[in-house]
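A note on names: the letters A, B, ... follow the listed sequences, proteins ahead of strands, and every chain is numbered from 1.
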Amino acid sequence: QKEVEQNSGPLSVPEGAIASLNCTYSDRGSQSFFWYRQYSGKSPELIMFIYSNGDKEDGRFTAQLNKASQYVSLLIRDSQPSDSATYLCAVWSPGNQFYFGTGTSLTVIP
Amino acid sequence: NAGVTQTPKFQVLKTGQSMTLQCAQDMNHNSMYWYRQDPGMGLRLIYYSASEGTTDKGEVPNGYNVSRLNKREFSLRLESAAPSQTSVYFCASRYRGPSANYGYTFGSGTRLTVV
């Protein structure tokens, strides 16, 4: 079983809609959760992190964490074509180890 | 502020050749990492250095060696390149403190092809 699992997609949403990206993880001891955006041919860039149960909002982005269900999600409101990218979920576990999912490809259709 | 700088950006090697990928960060981060990224496989950790003077194997270390030259620099060496090492390589750094809430900063990547 992989440490971090994401639906590879592709996920397509129309411009202005809400995009919902999901991630599950296997280690109950995981403490911090990160979302990275990676444009094609570029390096990943950090867009959100969350470590407490509940929601964390930053502009059009909302990260949601449910540790009981071992589930973290990223919502993108008012999706724009510039949001088209691959989104990587990363989980930090004790021992200073990060585990990355394989990413979900998002396409926002104008 | 340059962040994490990787060189070279592109490289083509013949099977059996050796090369060193260079990485430097100017953010005073104590931890540095080397990942490879392959289609459908995601990011896989090759080696990491939790602090200056230490290095440890990651998930896929075979065929690679690393050197943490100082706090800023962390190099990755392929001693005898194989076609299976064709990949995109990313260096990353992170501040390693008492809190876990510090994400990576990635370099721009090295696209390596071994023929």
Side-chain angles (χ1 to χ4, degrees), chain A residues 1-10 21 23-27 29-53 56 58 61 63 65 67 72 74 85-105, chain B residues 2-7 9-10 21 23 25 27 29-51 54-61 87-113:
Chain A
Q1 182 186 1
K2 291 184 180 179
E3 298 284 344
V4 179
E5 302 224 29
Q6 295 180 256
N7 187 331
S8 62
L21 305 161
C23 173
T24 58
Y25 59 95
S26 61
D27 184 356
S30 300
Q31 296 182 0
S32 300
F33 307 86
F34 301 82
W35 283 100
Y36 286 83
R37 178 176 61 202
Q38 187 175 24
Y39 293 115
S40 180
K42 301 296 185 181
S43 59
E45 58 177 325
L46 181 65
I47 55 173
M48 290 282 291
F49 72 85
I50 187 168
Y51 54 91
S52 298
N53 275 328
K56 179 181 179 182
D58 184 1
F61 298 95
L65 175 61
K67 288 188 176 181
V72 59
L74 179 70
T86 296
Y87 289 80
L88 305 174
C89 173
V91 173
W92 185 91
S93 295
N96 280 304
Q97 290 300 313
F98 273 81
Y99 298 96
F100 283 87
T102 55
T104 298
S105 175
Chain B
V4 179
T5 303
Q6 278 184 247
T7 56
K9 294 190 182 305
F10 301 93
L21 280 64
C23 176
Q25 53 90 11
M27 297 171 288
H29 287 173
N30 39 19
S31 296
M32 298 185 73
Y33 306 80
W34 277 104
Y35 281 89
R36 60 178 289 173
Q37 188 175 39
D38 303 289
M41 302 292 288
L43 284 161
R44 292 183 292 171
L45 182 63
I46 304 171
Y47 270 94
Y48 68 100
S49 172
S51 60
T54 68
T55 60
D56 286 286
K57 296 179 180 179
E59 181 184 356
V60 289
S87 187
V88 179
Y89 291 85
F90 289 106
C91 177
S93 70
R94 185 173 80 93
Y95 173 69
R96 182 168 172 258
S99 166
N101 305 317
Y102 298 99
Y104 288 148
T105 300
F106 284 90
S108 58
T110 296
R111 284 148 185 80
L112 175 67
T113 302

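Only the side chain of B:Gln37 comes within contact range of chain A, judged by heavy atoms closer than 4.5 Å.
In this structure, B:Leu43 and A:Pro44 approach most closely via the heavy-atom pair CD1-CG, 4.2 Å. When all heavy atoms of B:Phe90 and A:Gln38 are compared, the pair lying nearest together is CZ-NE2, 3.7 Å.
Rounded to the nearest 0.5 Å, atoms CZ (A:Phe100) and CD (B:Glu59) are 12.0 Å apart. Taking CZ of B:Arg94 as the start and CG of A:Leu46 as the end, the distance is 11.5 Å to the nearest 0.5 Å. The distance from the CZ atom of A:Phe98 to the CG atom of B:Leu45 is 11.0 Å, given to the nearest 0.5 Å.
Between A:Ser43 and B:Val4 there is no side-chain heavy-atom pair separated by less than 4.5 Å.
Legend: residues meeting salt bridge (charged side-chain N to carboxylate O under 4.0 Å, His left out) with B:Arg44, ordered by chain and number and at least two apart, are B:Asp38. In this structure, the salt bridge (charged side-chain N to carboxylate O under 4.0 Å, His left out) partners of A:Glu45, at least two apart in sequence or on a different chain, are A:Arg37.
In this pair, A:Tyr36 and B:Tyr104 present their aromatic rings tilted. The plane angle is within the 30 to 60° band.
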